[in-house]
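Down below is the structure, laid out as structure tokens.
A note on names: the letters A, B, ... follow the listed sequences, proteins ahead of strands, and every chain is numbered from 1.
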There are 2 protein chains.
Amino acid sequence: MTRRDAKTKPTARTLDARKATILEAVVTEHIDTAQPVGSSSVAHSAEVAVSPATVRSEMVALEREGYLAQPHTSAGRVPTDKGYRYFVDHLTSGVLSSAQQHQVKDFFASVRGEVEDVLEQTSTLLSQLTSYTAVVVGASHSHATILSVQLVSLDARHQLLVTVFSDGSVAKHSVLTSFDAGSIDVSEASRQLNALLIGTTLEHRVQVPSRHDNVATLVRESVSVLHAERPVTDGEQVFIGGSSKVAEVFDGVETVRKVLSILEQELLVVSLVQDILDQGLSVAIGSEHGYEPLLSCAVIVAPVTVDGAPAGAVGLLGPTRMKYREALAAAGVVSQHLARHFGGEEERG
Amino acid sequence: MTRRDAKTKPTARTLDARKATILEAVVTEHIDTAQPVGSSSVAHSAEVAVSPATVRSEMVALEREGYLAQPHTSAGRVPTDKGYRYFVDHLTSGVLSSAQQHQVKDFFASVRGEVEDVLEQTSTLLSQLTSYTAVVVGASHSHATILSVQLVSLDARHQLLVTVFSDGSVAKHSVLTSFDAGSIDVSEASRQLNALLIGTTLEHRVQVPSRHDNVATLVRESVSVLHAERPVTDGEQVFIGGSSKVAEVFDGVETVRKVLSILEQELLVVSLVQDILDQGLSVAIGSEHGYEPLLSCAVIVAPVTVDGAPAGAVGLLGPTRMKYREALAAAGVVSQHLARHFGGEEERG
DNA sequence: ATTAGCACTCAATTCTACCGAGTGCCAACG
DNA sequence: CGTTGGCACTCGGTAGAATTGAGTGCTAAT
């Protein structure tokens, strides 16, 4: 036995049809009952036309190969992360209910306002569609070029530097001067800043005048404040919708706390989403993303692409036993609508 | 008995010294044990120099008057909202531990960046200090005057209207035109907008030119987009820190869900805080704020006043059995530092 | 008015028994 | 030989019953 096994299935990457069917039945049922599932319920479920005994022997094989686990002897089986992975990899893509399709259509037809508002509201939409917590990440504008720079004087010592980027984002920075900046200085400085910076990106270093008059100093300070915005912290924006779903969907206060505490750290969320995208995944299950506190979570991501360029992503965070088909469908549809919304704006009203 | 009572304490607004002491002991102990407290532990606690039996008879009185309640016969007493109210009203003000004082001082000494960033980080600070969820509300800029208006052309049809207010806030609005707006139109329109709007507030209606050329149309559209920002939604900003504390501090998943779900609706949070401030309260306990899902919560608010004008507020949200003294102290200290930070900026750096 | 004493209440805990879903193994069967 | 029915076994969960003990309310004595 042992010898034969070692030869025919050293690390079987794929499963024969029956094992696959059984695994699918276990996953499906566990997803909507949240209970370990036993051989008889699998055997009686459609698709499987064998006796419980046979199912059992297949199950021990699936367990040996790491797709299933037993919470304790004499309990049913529960899928492992690997089991979910197989399930997700062989998932036929789902569609939204027509009510949901309507909801999405209506939403994007009526949504108004600035990019940020749209993204924020989209996160709520996605969360409502799935009853999981939704994440919407806006693209970094670190590659956008500067369209306009303006210094506005708040008072003698405080200037406000307002920068407009080609992607429509606006940044503001306070500039403190050590001298009294009369209003003439400021508009002159604005002019010079525009001349220096328009068309550049934030990564672009520019040559600043080294003169020592007030205007030149103000210009220098402004440029350095603007370029100082380097810490990884900025550029991306995150919007989280439906964080209260965390409390509905996970059991165990401790888990809820951990997950919420992750969600609070927006930087972390951005890199989580980014990591998963970089790995080319659309789903990360349990241990697959390396975030220990999220071991019992699955994360779905769908990139948003506008004109061929990455423009952000939408994500969903739920328990590993989440409704993958529906959630993937929702994330996909929403990301597409979002892409169309931003890409197709020219053709619209 | 009944007759005498009706005469001497129709609705006793105040309590005699011993009742007060007992009430305080009950509240204090219940706050840090989360358990109903019995007569003997009260009697043995310092301050109270009577036997358990006496305490018991006082307790029935306190219960009759609505300060205490019994979860069930033969359990200890638990404070009611009214009991907490009395406790809070007679609270001697607390101080922060010196470690905490340091933390606050260090924070405000080193905090950098734009107002929004400071407020955001302050919410985290306050949450860390208290281990409750913190709320920081930034002042509405609806009364600020406009310092500068600028139209920036994104492409032929999309203009971006960037408005700078006297409080240092910046607003952006997209303006869509039905015609091709050459760059000359745009800078001329900017000039006209500046002439029209500088020095006005958003409440101020202005006379717009009724000509029919492209520039006039663009100006009209811009003004209307700007003034359309009326829905209550805007102006205030809310920052919520430590929402994961909700899961630590409340018991019962359902409560956690309710509270989180309230926190998601930022508008609701703003009006909650505003309501409490309007009532002139600094603490709202249980039923005192009218928000049914927050029945088991207490909310602490402290206004932030800069140069005599309201500039926002900081708040804390915890269970009714929260550590009022410490939380009030923290909220107070932070709100003062915040006020000083924004008020005293001229003298700094 | 205060208090010690006492009977009483009732949630929480512990213990026991037991039920039953589910397993692993084996012998029989087509 | 893979499949299946049969069967003994395991063990978490539940339901009762018994017990505990913290806490009360009342009463009579100080």
Item to check | Distance-only donor-acceptor test, Ser74(B) side-chain atoms vs dT9(C) base atoms, 3.5 Å | outcome: yes
Rounded to the nearest angstrom, tell me the gap between atom [atom1] in [X] and atom [atom2] in [N].
X        : N       : atom1 : atom2 : value
Glu58(A) : dC25(C) : CD    : P     : 15 Å
Arg56(B) : dC26(D) : CZ    : C1'   : 10 Å
His72(A) : dG20(C) : NE2   : P     : 17 Å
Gln35(B) : dG21(D) : CD    : P     : 17 Å
Glu63(B) : dT24(D) : CD    : C1'   : 11 Å
His30(A) : dA21(C) : NE2   : C1'   : 16 Å
Met59(A) : dG24(C) : CE    : P     : 9 Å

Checklist entry - Within a reach of under 6.0 Å around CD of Glu47(B), are more than 12 heavy atoms found that belong to other residues, nucleotides or ligands? => result no
Next on the checklist: Checking Val249(B) against Leu317(B) for the side chain to side chain contact (heavy atoms under 4.5 Å, CB included) test, could you report, in this order, the C-alpha distance in whole Å, the side-chain angles of both residues, the deciding distance, and whether it holds?
Outcome noted: CA-CA 10 Å; Val249(B) 140; Leu317(B) 190 152; over 6 Å; no
Is there a side-chain polar atom (N or O) of [X] under 4.0 Å from OP1 or OP2 of [N]?
X        : N       : value
Ser39(A) : dT23(C) : yes
Arg77(B) : dG25(D) : yes
Thr73(B) : dC10(C) : yes

Next on the checklist: I want to check a possible cation-pi pair here: Lys82(A) against Tyr67(A), using under 6.0 Å from ring centre and within 45° of the ring axis as the test.
Outcome noted: yes
Checklist entry - Would Arg85(B) and Asp81(B) pass as an ion pair if we require N to O under 4.0 Å? => result no
Next on the checklist: Going by salt bridge (charged side-chain N to carboxylate O under 4.0 Å, His left out), Glu58(B) matches just one of Arg64(B), Arg77(B), Lys19(B). Which one?
Outcome noted: Lys19(B)
Item to check | Spacing of CG belonging to Leu68(B) relative to OG1 belonging to Thr80(B), to within rounding of 0.5 Å | outcome: 6.5 Å
Next on the checklist: Give the residues of residues 21-28 of chain A touching DNA chain C, defined as any heavy atom closer than 4.0 Å, sorted by residue number.
Outcome noted: none
Item to check | Earlier contact from the 5' end, DNA chain C, for Pro52(B) and Val60(A) | outcome: Pro52(B)
Next on the checklist: Here's a test of your reading of the structure: between Arg18(B) and Gly76(A), which maps to the more 5' nucleotide of DNA chain C?
Outcome noted: Arg18(B)
Checklist entry - Are Thr54(A) and Ser51(A) linked by a side-chain donor-acceptor pair shorter than 3.5 Å? => result yes
Next on the checklist: Please classify the nucleic acid contact of Thr54(A) as base, sugar-phosphate, or nothing, using heavy-atom distances under 4.0 Å.
Outcome noted: base
Next on the checklist: Over all strands shown, is Ala53(A) touching base, sugar-phosphate only, or nothing at heavy-atom distances under 4.0 angstrom?
Outcome noted: base
Checklist outcome for this item: Of the listed dT23(C), dT4(D), dT3(C), the closest approach to the Val50(B) side chain comes from dT3(C)
